[in-house]
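Take a look at the structure below.
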Protein chains: 2
Amino acid sequence: MNDHLYECLSNVNRRKILYCIGEEEKCVNEISECLDLEQSLTSHHLKDLYECGLIEKKRKGKRIYYKVSEPEIIEILEKGKELGDRLEKRC
Amino acid sequence: MNDHLYECLSNVNRRKILYCIGEEEKCVNEISECLDLEQSLTSHHLKDLYECGLIEKKRKGKRIYYKVSEPEIIEILEKGKELGDRLEKRC
DNA sequence: AATTCATATGAACGATCATTTATATGAGTG
DNA sequence: CACTCATATAAATGATCGTTCATATGAATT
């Protein structure tokens with residue numbers, strides 16, 4: 001998984017998580033609810049994102065809060081999304 | 001495969017192909033040799049890239065030349081690479 | 001039209017991935 | 001200390017992906 005950024009970004013749920021915590025940090029439950037994903041699945045994806053260095057975590061009491069470590073990733077995602085949309089419309 | 005750009009970019013050989021034909025258009029054999037990939041594997045990846053809209057093809061005699069359709073993709077790849085490197089060094 | 005060169009395609013297979021289920025860890029609370 | 005809340009992890013499974021091998025297509029050449 002940790003080979004390259006783009007492998008980590010290839011999964012739509014991981015991209016959604018990045019968008020979701022891009023605005024403000026959130027705990028695992030919030031992310032799960034926000035994206036309607038099972039808690040354990042969210043945890044798995046958070047692990048991948050964390051090992052890739054894309055997100056940071058911080059414990060506050062029982063909860064663990066995650067946030068994007070490099071805000072630039074959101075810009076890259078946006079650029080990719082724009083390009084993707086443009087390519088689709090072409091066909 | 002055609003769901004989203006990032007799924008197409010997740011494979012390292014496809015990314016290499018994009019870099020390879022980013023500078024100037026090349027035929028399949030040239031791409032194969034350039035990246036040391038089997039011809040059929042190259043063709044498979046070219047098909048994926050083509051269906052994603054990332055590349056264009058043009059026949060000249062026996063050969064088929066491929067080029068990047070949206071040069072912006074190279075910039076996005078570069079940005080991703082820079083970010084990926086930065087994230088790795090952090091650890 | 002048969003042959004050759006360039007590329008594409010299809011089937012097969014192992015490898016990796018995404019998801020679910022069940023369970024473990026670990027911090028706070030009564 | 002027992003309990004519960006929040007999160008993590010491990011095992012299992014089906015799905016998808018990357019690659020290889022064999023073969024097909026299609027254009028040029030003889």
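Because the structure is a prediction, the values reported are computed rather than measured. So that the names make sense, note that chain A is the first sequence line, chain B the second, and so on, each numbered from 1.
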- prompt: Under a 4.5 Å cut-off applied to non-hydrogen side-chain atoms, are B:E25 and B:K60 in contact?
  reply: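 B:E25 reaches B:K60 side chain to side chain.
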The side chain of [X] lies closest to which of these nucleotides: [options]?
X     : options               : value
B:I64 : D:dT19, C:dT19, C:dA8 : C:dA8
A:N11 : C:dT19, D:dG18, D:dT7 : C:dT19
A:L41 : C:dT20, C:dA8, D:dA8  : C:dT20

Between [atom2] of [N] and [atom1] of [X], the distance in whole Å:
X     : N      : atom1 : atom2 : answer
A:N13 : C:dC17 : CG    : P     : 15 Å
A:E7  : C:dC17 : CD    : C1'   : 12 Å
B:R63 : D:dT29 : CZ    : P     : 11 Å
B:Y50 : C:dA8  : OH    : P     : 11 Å
A:L46 : C:dT19 : CG    : P     : 13 Å
A:K57 : C:dT25 : NZ    : P     : 16 Å
A:E51 : D:dA8  : CD    : P     : 12 Å
B:L9  : D:dC17 : CG    : P     : 14 Å

query: Does B:R14 place a side-chain N or O at less than 4.0 Å from the phosphate oxygens OP1/OP2 of D:dG18?
result: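 Yes, B:R14 has a side-chain N/O under 4.0 Å of OP1/OP2 on D:dG18.
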message: Does C:dT7 have its OP1 or OP2 closer than 4.0 Å to a side-chain nitrogen or oxygen of B:N29?
response: yes
Hey, is the side chain of [X] pairing donor to acceptor with the base of [N] inside 3.5 Å?
X     : N      : result
B:H44 : D:dT20 : yes
A:S40 : C:dT21 : yes
A:Q39 : D:dA8  : yes
B:S10 : D:dC17 : no

query: Going by the angle between their ring planes, with limits at 30° and 60°, are B:Y6 and A:Y6 parallel, tilted or perpendicular?
result: parallel
Approximate separation, where rounding is to 0.5 Å, of B:Q39 CD and B:E33 CD: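 If I round to the nearest 0.5 Å, the distance is 11.5 Å.
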message: At 4.0 Å (heavy atoms only), tell me whether A:E38 reaches a base, stays on the sugar-phosphate, or touches nothing.
response: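 Result for A:E38 = base.
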message: Mind checking if B:Y65 touches a base, just sugar-phosphate, or nothing, with heavy atoms under 4.0 Å?
response: nothing
- prompt: Of the options B:I76, B:L54, B:N13, which is the one that meets B:L18 in a side-chain contact (heavy atoms from CB on, under 4.5 Å)?
  reply: B:L54
message: Using heavy-atom distances to pick each residue's nearest nucleotide on DNA chain D, tell me which of A:C27 and B:H45 is more 5'.
response: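 The residue mapped nearer the 5' terminus is A:C27.
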cation_pi(B:K26, B:Y66) dist<6.0 Å, angle<=45: no
query: When you measure from the centre of the six-membered ring of B:Y65, is the NZ or CZ of B:K58 under 6.0 Å away and within 45° of the axis?
result: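 No cation-pi geometry.
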message: Which residues in residues 16-25 of chain B have a heavy atom closer than 4.0 Å to any atom of DNA chain D?
response: none
- line: Result for 5'-nearest mapping on DNA chain C, choosing between B:K62 and B:Y66, is B:K62
Check: B:T42/B:E38 side-chain N/O donor and acceptor closer than 3.5 Å: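 Looking only at side-chain atoms, B:E38 and B:T42 do not form any donor-acceptor pair under 3.5 Å.
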message: Quick check: closest heavy atoms across B:I64 and B:R59, and the distance to 0.1 Å?
response: CD1-NH2, 3.6 Å
